[in-house]
Colleague: 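Before I ask anything, here is the structure I am working with.
From a predicted model like this one, the values you see are computed outputs, not experimental measurements.
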Amino acid sequence: PTVGGAVTGLGVPPQSIRRITGVFKAYTTRVGAGPFPTELTGEEGDLLRQIGMEYGATTGRSRRCGWFDGIAAKYATKLNGFTDIAITKMDILDPYEEIQICTGYHRNKVKKFPFALQNPEAIDPQYQSLSGWRDSTVGITKFEELPTKAMEYIKFIENYLGVNVSLISTGSDSQHLIQIF
């Protein structure tokens with residue numbers, strides 16, 4: 001979905017929209033086949049899927065899971081003109097000692113999201129490694145109360161995408177939110 005599609009589908013004039021919040025999970029998921037450069041396979045992918053409960057609500061089918069794809073997120077941010085973003089499922093990364101964020105694809109030094117991936121297996125994601133916080137973020141409602149490494153993760157995403165994070169979910173309860181305005 002794109003902002004342009006929403007405006008057209010709802011019959012809302014574009015000039016009436018002042019704020020566009022993009023929503024990203026703290027990691028990336030995909031349903032079905034197709035390119036997924038940051039996909040984690042084997043035990044690593046299974047663990048992320050289990051912790052995040054990444055199964056279809058209707059079908060129960062497993063979602064494919066991987067590290068946050070900064071290249072795809074940057075493309076979505078620019079395409080939609082996000083003024084800010086929300087990060088969901090932050091708490092799912094709590095147990096990790098090290099967390100990766102994809103900041104490039106090694107395929108002739110690609111720096112932009114590819115429009116056509118004729119050979120997705122040829123893409124080798126390049127990662128920025130960040131220290132995990134290995135502490136619970138569940139239920140935290142103030143940014144300052146997050147573990148330092150969790151705050152660094154959010155700041156890295158903000159700097160990389162060039163937009164502020166305005167909302168962070170820290171658990172499955174609707175009250176487990178950090179609002180930053």
Colleague: Other residues, nucleotides and ligands only: do more than 12 of their heavy atoms fall within 6.0 Å of CD on Q15?
Modeller: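 Yes - once you tally the heavy atoms of other residues, nucleotides and ligands closer than 6.0 Å, there are more than 12.
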Colleague: Treat each ILVMFWY residue as a node, draw an edge where side-chain heavy atoms are under 4.5 Å apart, and state whether L177 and I85 are in one component.
Modeller: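 No, it is not one cluster - the side chains of L177 and I85 are not joined through contacts under 4.5 Å.
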Colleague: Is a side-chain donor or acceptor of Y153 paired with a backbone partner of I99 at a separation under 3.5 angstrom?
Modeller: no
Colleague: Compare every heavy atom of T170 with every heavy atom of D91, then report the nearest pair and how far apart it is.
Modeller: OD1-C, 3.5 Å
Colleague: More than 12 foreign heavy atoms under 6.0 Å from CD of E98: is that the case here?
Modeller: yes
Colleague: So is K74 actually on top of Y160's ring, under 6.0 Å and inside 45° of the axis?
Modeller: yes
Colleague: Just by modelled atom types, is the P13 backbone N or O under 3.5 Å from a matching donor or acceptor in the S16 side chain?
Modeller: yes
Colleague: With rounding to the nearest 0.5 Å, note down the distance linking OG1 in T38 to CD1 in I71.
Modeller: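 Between atom OG1 of T38 and atom CD1 of I71 there are 11.0 Å.
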Colleague: Assess whether a salt bridge exists between R64 and E39, defined as any Lys/Arg side-chain N lying under 4.0 Å from an Asp/Glu carboxylate O.
Modeller: yes
Colleague: Counting distance only, does the side-chain N/O of E97 pair as donor-acceptor with the main-chain N or O of P95 below 3.5 Å?
Modeller: no
Colleague: Run the ring-ring contact (aromatic ring centres under 6.0 Å, His included) test against F156 and tell me which residues pass, sequence neighbours left out.
Modeller: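 Testing F156 for ring-ring contact (aromatic ring centres under 6.0 Å, His included), a comparison that skips the adjacent residues, returns none.
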Colleague: Is it the case that the side chain of K89 and the backbone of Y27 share a donor-acceptor pair, with hydrogens and angles ignored and the cut-off at 3.5 Å?
Modeller: no
Colleague: Are side-chain heavy atoms of I168 and F143 found at a separation under 4.5 Å?
Modeller: yes
Colleague: Using a 3.5 Å distance criterion without hydrogens, assess whether the side chain of E158 forms a donor-acceptor pair with backbone atoms of V165.
Modeller: yes
Colleague: Quick check: closest heavy atoms across W67 and T28, and the distance to 0.1 Å?
Modeller: O-OG1, 3.1 Å
Colleague: For the side chain of R19 and the backbone of F82, is there at least one donor-acceptor N/O pair under 3.5 Å apart?
Modeller: no
Colleague: Can you find a pair of side-chain heavy atoms, one from E54 and one from K25, that are under 4.5 Å apart?
Modeller: yes
Colleague: To the nearest 0.5 Å, what is the distance between CD1 (I92) and CG (L47)?
Modeller: 10.5 Å
Colleague: Return yes if some donor-acceptor pair links the side-chain N/O of R30 with the main-chain N/O of A33 below 3.5 Å, else return no.
Modeller: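 Yes, R30 side chain to A33 backbone: donor-acceptor pair under 3.5 Å.
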Colleague: What do you reckon, are the aromatic ring centroids of Y96 and W133 less than 6.0 Å apart?
Modeller: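 Between W133 and Y96, which both carry aromatic rings, the centre distance is not below 6.0 Å.
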Colleague: So, D69 and Y105: side-chain donor and acceptor under 3.5 Å apart, yes or no?
Modeller: yes
Colleague: In Å and rounded to the nearest 0.5 Å, what is the CG to CG distance from D84 to L161?
Modeller: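 It comes to 11.5 Å.
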Colleague: Suppose the criterion is ring pair (Phe, Tyr, Trp, His ring centres under 6.0 Å): which pairs have a residue in residues 44-65, not counting sequence neighbours?
Modeller: none
Colleague: Test of understanding: with side-chain contact (heavy atoms from CB on, under 4.5 Å), list the residues that count as partners of S136, not counting sequence neighbours.
Modeller: D94, V138
Colleague: Could you check whether any side-chain N or O of T83 sits under 3.5 Å from a backbone N or O of I20, counting only pairs where one atom can act as donor and the other as acceptor?
Modeller: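 Answer holds: yes.
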